[in-house]
Amino acid sequence: EIIRTGTPYYAEEAGHTIDGRQTWGITNKMPLRNSSGEIVGTFGLSINISERKQAELALLESERYTNSILQAIPDLIFILDSNGVFIDFKTGNLQDLALPKERFVNRNLFEVMPEPVACLLKEKIDAVLMGQPRSSVEYYIESPGGHNDFECLIFPFGKDKVIAVVRNITSRKH
C-alpha cells in the first residue's frame, strides 16, 4: 500500500513474542524513493512501547475500579480548588444533583450556593488547606421542593484542592 500510494504509515501495533507474550510497538513506515523520485521500496522504524502500554492498561483498569466504587457510593463527591471553584464531581445518581453539572462545574461556590452556605464551606475549605486533616459541616438549603439538610465532609486532595463528600441528611434530621 505504501509503494502503491506513496502514503506513509504510522500506527501503534500489537504483536506477540515467540513465547506468546503480547508486545506493543509504534511503527512508522515511509516510501523509499530513488534519485528520480520513483518509489522503489519502503523503510521504517518500530519502537517497542510494551512497558508504556502495560502501564496505560493498568491505569485504565485502576480508573475503572475507582469509578465503580464511586458509582456505588450514594454520596455526592466534589473536587474544589483553593478558591472554591468546582472542578469535578462523582455521583452514583445524577438525579441527586440540585443543579445540572453545567451550572456548577468551573464555577465558584458563591455563584451556585446561598451566600451563608458558600461562606461556611469556603471557611472549612481554607481550614483544610491550612493543615486541618478534615472538616465537617452541616447546612440546609431551601428549594422549591422544600427544606433539605446536608452534611459535608471536606478532606485535602493534593496541595491546593479538596474533596467534599456531601450527604443529604434530611430524613435523619426528621
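Taking every heavy atom of both residues into account, Ala164 and Ile154 meet most closely at CB-CG1, 4.3 Å. Across Leu120 and Glu138, no two heavy atoms sit closer than the pair CD2-O, 4.1 Å. Closest non-hydrogen pair, Arg33 versus Gly6, comes out as NH2-O, 4.1 Å. Nearest heavy atom pair, residue Leu121 against residue Cys152, reads CD2-SG, 4.0 Å.
The hydrophobic cluster containing Ile79 also contains Ile69, counting ILVMFWY residues as joined when their side-chain heavy atoms lie under 4.5 angstrom apart, directly or transitively. When the side chains of ILVMFWY residues are joined at heavy-atom separations under 4.5 Å, either directly or via intervening members, Val128 and Val117 end up in a single hydrophobic cluster. Put simply, Phe155 and Met130 are part of two different groups of oily side chains (I, L, V, M, F, W, Y) that touch within less than 4.5 Å, one to the next. Linking Ile, Leu, Val, Met, Phe, Trp and Tyr residues whenever their side-chain heavy atoms come within less than 4.5 Å places Val166 and Ile141 in a single cluster.
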Between Val112 and Phe86, does a side-chain contact (heavy atoms from CB on, under 4.5 Å) hold up when you go through it step by step?
CA-CA 10 Å; Val112 297; Phe86 290 93; 3.5 Å; yes
Passes side-chain contact (heavy atoms from CB on, under 4.5 Å), Ile125 versus Leu109? Steps please.
CA-CA 11 Å; Ile125 290 170; Leu109 282 167; 3.8 Å; yes
Walk me through it: do Asn67 and Lys90 pass the test side-chain contact (heavy atoms from CB on, under 4.5 Å)?
CA-CA 8 Å; Asn67 284 332; Lys90 298 290 181 200; 3.7 Å; yes
Under the salt bridge (charged side-chain N to carboxylate O under 4.0 Å, His left out) rule, what do Asp81 and Lys161 come out as? Steps first, then yes or no, please.
CA-CA 4 Å; Asp81 70 13; Lys161 296 182 192 94; over 6 Å; no
So Lys122 and Glu115, salt bridge (charged side-chain N to carboxylate O under 4.0 Å, His left out) or not? Walk me through it.
CA-CA 10 Å; Lys122 181 64 168 95; Glu115 187 174 349; over 6 Å; no
Could you give me the CA-CA distance, side-chain angles and deciding distance for Val165 and Phe78, then say whether side-chain contact (heavy atoms from CB on, under 4.5 Å) is met?
CA-CA 6 Å; Val165 180; Phe78 299 95; over 6 Å; no
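Between Thr23 and Ser50, the side chains place no donor N or O within less than 3.5 Å of an acceptor N or O (distance only, hydrogens not considered).
Between Tyr140 and His147, the angle of the ring planes stays under 30°, which puts this pair in the parallel group of the 30/60° scheme.
Considering CG of Asn148 and OH of Tyr139, their distance stands at 10.0 Å, rounded to 0.5 Å. From Lys53, atom NZ reaches atom CG of Leu60 across 9.5 Å, with rounding to the nearest 0.5 Å. Here CG of Asp149 is found 5.0 Å from OG1 of Thr170. Values are rounded to the nearest 0.5 Å. Taking CD from Glu123 and OG from Ser135, the interatomic distance works out to 8.0 Å, rounded to the nearest 0.5 Å. From Asn28, atom CG reaches atom OH of Tyr9 across 10.5 Å, with rounding to the nearest 0.5 Å. Expressed to the nearest 0.5 Å, how far CG of Asp160 lies from CG of Leu80 amounts to 11.5 Å.
When each of Leu76, Asp75, Leu153 is checked for a side chain to side chain contact (heavy atoms under 4.5 Å, CB included) with Arg167, only Asp75 meets the rule.
Between Phe43 and Lys29 there is no side-chain heavy-atom pair separated by less than 4.5 Å. A 4.5 Å side-chain heavy-atom check between Val85 and Arg107 finds every atom pair outside the cut-off. Here the side chains of Ile2 and Thr7 are not in contact, with every heavy-atom distance at 4.5 Å or above. The shortest side-chain heavy-atom distance between Ile77 and Ile163 falls under the 4.5 Å cut-off. Put simply, the side chain of Met30 does not reach to within 4.5 Å of the side chain of Thr42, judged on heavy atoms.
Here the side chain of Asn108 pairs no donor or acceptor atom with the backbone of Glu111 at under 3.5 angstrom. Side-chain N or O atoms of Ser62 include none that pairs as donor or acceptor with a backbone N or O of Ala58 at under 3.5 Å. In this structure a side-chain-to-backbone donor-acceptor pair under 3.5 Å is missing from Ser36 to Glu38.
Within a 6.0 Å sphere centred on CZ of Arg52, heavy atoms belonging to other residues, nucleotides or ligands number more than 12. The number of heavy-atom neighbours closer than 6.0 Å to CZ of Phe157, taken from other residues, nucleotides and ligands shown, is 12 or below. The local environment of OH in Tyr65 is sparse, with at most 12 non-hydrogen atoms from other residues, nucleotides or ligands closer than 6.0 Å.
Using a 4.0 Å cut-off between charged side-chain N and carboxylate O, Glu151 and Lys173 make no salt bridge.
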